[in-house]
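Shown next, in structure tokens, is the structure this report addresses.
A, B, ... follow the sequence lines: proteins, then strands. Residue 1 opens every chain.
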There are 2 protein chains.
Amino acid sequence: MNARPPGRPRILSRERIVAMARRIADDEGLDALTVRRVAQRLGTGQASLYRHIEDRDELLRLLAEDVAVHLPGAGEQADPRERVVGQWLDAYDYLARHRWAARIIAEGEHVADSASVFSSSALDALGSLADTAPGATGASRADLARVYRVLWHLLLGHVLNVHPVGHAEATADEATADAAGAEDATDVSGPHGPHGSHGPHGPHGVSTPRDDFVWALPRVLDGVLGAS
Amino acid sequence: MNARPPGRPRILSRERIVAMARRIADDEGLDALTVRRVAQRLGTGQASLYRHIEDRDELLRLLAEDVAVHLPGAGEQADPRERVVGQWLDAYDYLARHRWAARIIAEGEHVADSASVFSSSALDALGSLADTAPGATGASRADLARVYRVLWHLLLGHVLNVHPVGHAEATADEATADAAGAEDATDVSGPHGPHGSHGPHGPHGVSTPRDDFVWALPRVLDGVLGAS
DNA sequence: ACCTGAACACCGTTCAAGT
DNA sequence: ACCTGAACACCGTTCAAGT
């Protein structure tokens with residue numbers, strides 16, 4: 001819409017602010033995201049941002065909404081179960097790439113609406129699955145919402161818990177106490193590929209957070225959809 | 001061990017610092033917990049704390065460990081299922097009272113050990129349940145650790161997600177868009193009482209986060225323990 | 001009319017000066 | 001030897017002075 005003047009673009013806007021903020025958050029984490037840094041990177045004075053945003057909290061909210069809007073919808077698979085599992089794995093991969101946003105979304109109160117394309121799409125897919133399931137007599141809308149929330153919380157828990165080995169690891173395989181090898185598993189290899197095709201274990205035989213989620217998702221689905 | 005001098009206790013120690021920090025975090029939240037405030041409330045200079053702690057991050061870690069150590073063990077119920085469900089509900093209630101700690105634990109890397117009484121106790125209970133389950137042929141230690149992690153992530157997700165109504169609510173019961181009534185559900189009525197005895201709905205017919213967890217826990221348990 | 005440098009009230013952390 | 005006031009380098013936010 002606006003003709004961009006030559007050289008560095010001048011006109012400040014909410015969109016440009018949010019875009020730059022998102023780049024900083026993705027690159028350097030939420031703590032590095034200061035109002036002053038955003039202004040500096042945009043080449044404006046520190047106080048200028050307050051013409052477009054109320055305060056830092058609003059910036060964080062805008063940021064979280066920007067992420068929430070882009071949560072993936074359900075795919076086009078014919079099998080409702082594949083559709084459900086696929087969407088939630090996509091959502092996991094997406095949020096794992098923006099952990100900071102997951103943190104804000106979990107804490108924020110008004111981001112729910114921004115995720116409506118995700119949530120309504122997910123509810124539809126869950127509805128189809130509930131109707132198709134063997135023995136299940138369909139589920140009420142309230143039950144579906146409950147199932148949705150359980151999956152959402154399961155997803156949040158897996159995304160927000162950072163350290164790759166859960167509490168249990170040290171207890172599970174007794175001796176090797178300090179064998180917490182894999183430090184950063186940030187490179188989850190871009191595209192979401194064939195879901196759950198590879199084995200359940202990482203290079204060292206320890207399971208990554210994503211492996212845990214891949215393992216848990218279908219089983220949890222069985223549990224929460226089994227009985228009404 | 002130390003004789004306390006009359007008037008305000010003088011000797012500074014890690015314990016006193018952590019205790020005061022915990023009180024501030026519980027009362028006013030994690031953001032209000034500044035190094036300077038802790039020092040002020042203890043009646044010492046701001047710089048004095050650095051004789052006992054490395055920096056603010058270490059203080060947060062000590063705080064999280066203090067909470068993690070006090071995670072509840074499994075009860076004495078004869079039925080392993082009741083033992084498992086009871087422990088995890090206790091853990092939920094405990095962490096819900098210290099959300100700030102859940103946040104630190106999720107992000108921290110070295111708190112795992114502090115939760116060992118919780119995790120090993122939980123693994124034992126889960127082991128008993130897996131052996132007792134009808135049709136299940138027991139589970140390997142690795143599987144149990146996986147189940148443990150899934151429950152832990154489910155718990156974390158429920159605790160960390162603040163707003164009482166999940167995304168779905170607005171989508172689930174169409175019309176009533178802005179009927180997000182119950183703002184603060186902080187008073188979860190002290191003792192943990194009879195687990196899951198009351199109905200699944202809050203006063204307004206909307207389910208609280210705790211209700212969701214109560215509903216999800218046994219079903220998820222079925223799902224993850226059902227097939228090996 | 002619109003923008004923003006400088007100022008204010010906070011942080012965490014350090015270090016030299018105090019006892 | 002031990003403690004800590006004052007200082008430093010950052011914050012978010014405001015407001016009067018600039019254009």
Side-chain angles (χ1 to χ4, degrees), chain A residues 1-25 27-65 100-101 103-104 107-108 110, chain B residues 1-25 27-64 100 103-104 107-108 110:
Chain A
M1 286 220 201
N2 287 324
R4 237 193 302 168
R8 60 164 73 143
R10 291 249 115 238
I11 354 87
L12 212 50
S13 68
R14 272 164 94 99
E15 284 174 6
R16 292 224 313 132
I17 292 174
V18 170
M20 180 57 80
R22 180 166 172 166
R23 236 174 63 184
I24 294 177
D27 292 352
E28 313 174 47
L30 203 51
D31 290 338
L33 178 62
T34 71
V35 175
R36 287 168 123 97
R37 261 180 83 78
V38 176
Q40 181 188 330
R41 291 268 216 111
L42 287 172
T44 44
Q46 32 185 287
S48 305
L49 298 199
Y50 290 91
R51 293 267 127 205
H52 302 88
I53 61 168
E54 200 63 36
D55 50 18
R56 186 174 187 265
D57 277 345
E58 193 189 39
L59 179 57
L60 292 186
R61 193 162 48 78
L62 290 173
L63 225 39
E65 281 173 2
W100 54 269
R103 248 164 67 188
I104 306 175
E107 241 139 283
H110 302 296
Chain B
M1 286 222 199
N2 288 324
R4 237 192 302 166
R8 61 163 72 141
R10 290 251 115 238
I11 352 86
L12 211 51
S13 69
R14 271 165 95 100
E15 285 175 6
R16 292 223 315 130
I17 292 174
V18 170
M20 180 58 80
R22 181 167 171 167
R23 237 174 63 184
I24 294 177
D27 293 351
E28 313 174 49
L30 204 51
D31 290 338
L33 177 61
T34 70
V35 175
R36 287 167 122 99
R37 261 179 84 76
V38 175
Q40 181 188 330
R41 292 269 215 111
L42 287 171
T44 43
Q46 32 184 286
S48 305
L49 298 199
Y50 291 92
R51 294 267 126 204
H52 302 89
I53 61 168
E54 200 64 37
D55 50 19
R56 186 173 187 266
D57 277 345
E58 193 189 37
L59 178 57
L60 292 186
R61 193 162 48 78
L62 290 173
L63 226 38
W100 54 269
R103 247 164 67 188
I104 306 175
E107 241 140 283
H110 302 297

Report the distance from atom CG of A/L49 to atom CZ of A/R36, rounding to the nearest 0.5 Å.
->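 Rounded to the nearest 0.5 Å, the CG-CZ separation comes out at 11.0 Å.
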Taken to the nearest 0.5 Å, the spacing of A/I17 CD1 from A/T44 OG1 works out to 7.0 Å
task = Could you say whether A/A47 or B/Y50 is positioned toward the 5' end of DNA chain C, judged by the nucleotide with the nearest heavy atom to each?
result =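 Looking at DNA chain C, the more 5' nearest nucleotide goes with A/A47.
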Once you round it to whole Å, what is the distance between [atom2] of [N] and [atom1] of [X]?
{"X": "B/D31", "N": "C/dG12", "atom1": "CG", "atom2": "P", "value": "11 Å"}
{"X": "B/E54", "N": "C/dG12", "atom1": "CD", "atom2": "P", "value": "16 Å"}
{"X": "B/L12", "N": "D/dA1", "atom1": "CG", "atom2": "P", "value": "21 Å"}
{"X": "A/I17", "N": "C/dT4", "atom1": "CD1", "atom2": "P", "value": "11 Å"}
{"X": "A/E58", "N": "D/dT13", "atom1": "CD", "atom2": "P", "value": "11 Å"}
{"X": "A/Q46", "N": "C/dC8", "atom1": "CD", "atom2": "P", "value": "14 Å"}
{"X": "A/H52", "N": "D/dT13", "atom1": "NE2", "atom2": "C1'", "value": "17 Å"}
{"X": "A/L42", "N": "C/dT4", "atom1": "CG", "atom2": "P", "value": "11 Å"}

Any carboxylate oxygen within less than 4.0 angstrom of a Lys/Arg side-chain nitrogen, looking at B/R23 and B/E28?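 Salt bridge between B/R23 and B/E28, a charged N being under 4.0 Å from a carboxylate O: no.
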* Are the charged groups of A/E107 and A/R103 less than 4.0 angstrom apart, N to O? ->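 The answer is no: the pair does not qualify as a salt bridge.
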Ranking B/L49 and A/R56 by the position along DNA chain D of their nearest nucleotide, the one closer to 5' is B/L49
Pairing partner of C/dG5, by Watson-Crick or G-U wobble and under 3.5 Å for both distances, is D/dC15
- Message: Tell me whether the side-chain N/O atoms of B/S48 come closer than 4.0 Å to OP1 or OP2 in D/dT4.
- Response: yes
Is it the case that over 12 heavy atoms from other parts of the model lie below 6.0 angstrom from the CD atom of B/E15?
no
Which of C/dC3, D/dT13, D/dA7 is nearest the side chain of A/D55? It is D/dT13
Ranking C/dT4, D/dT4, D/dC11 by distance to the side chain of B/R51, first place goes to D/dT4
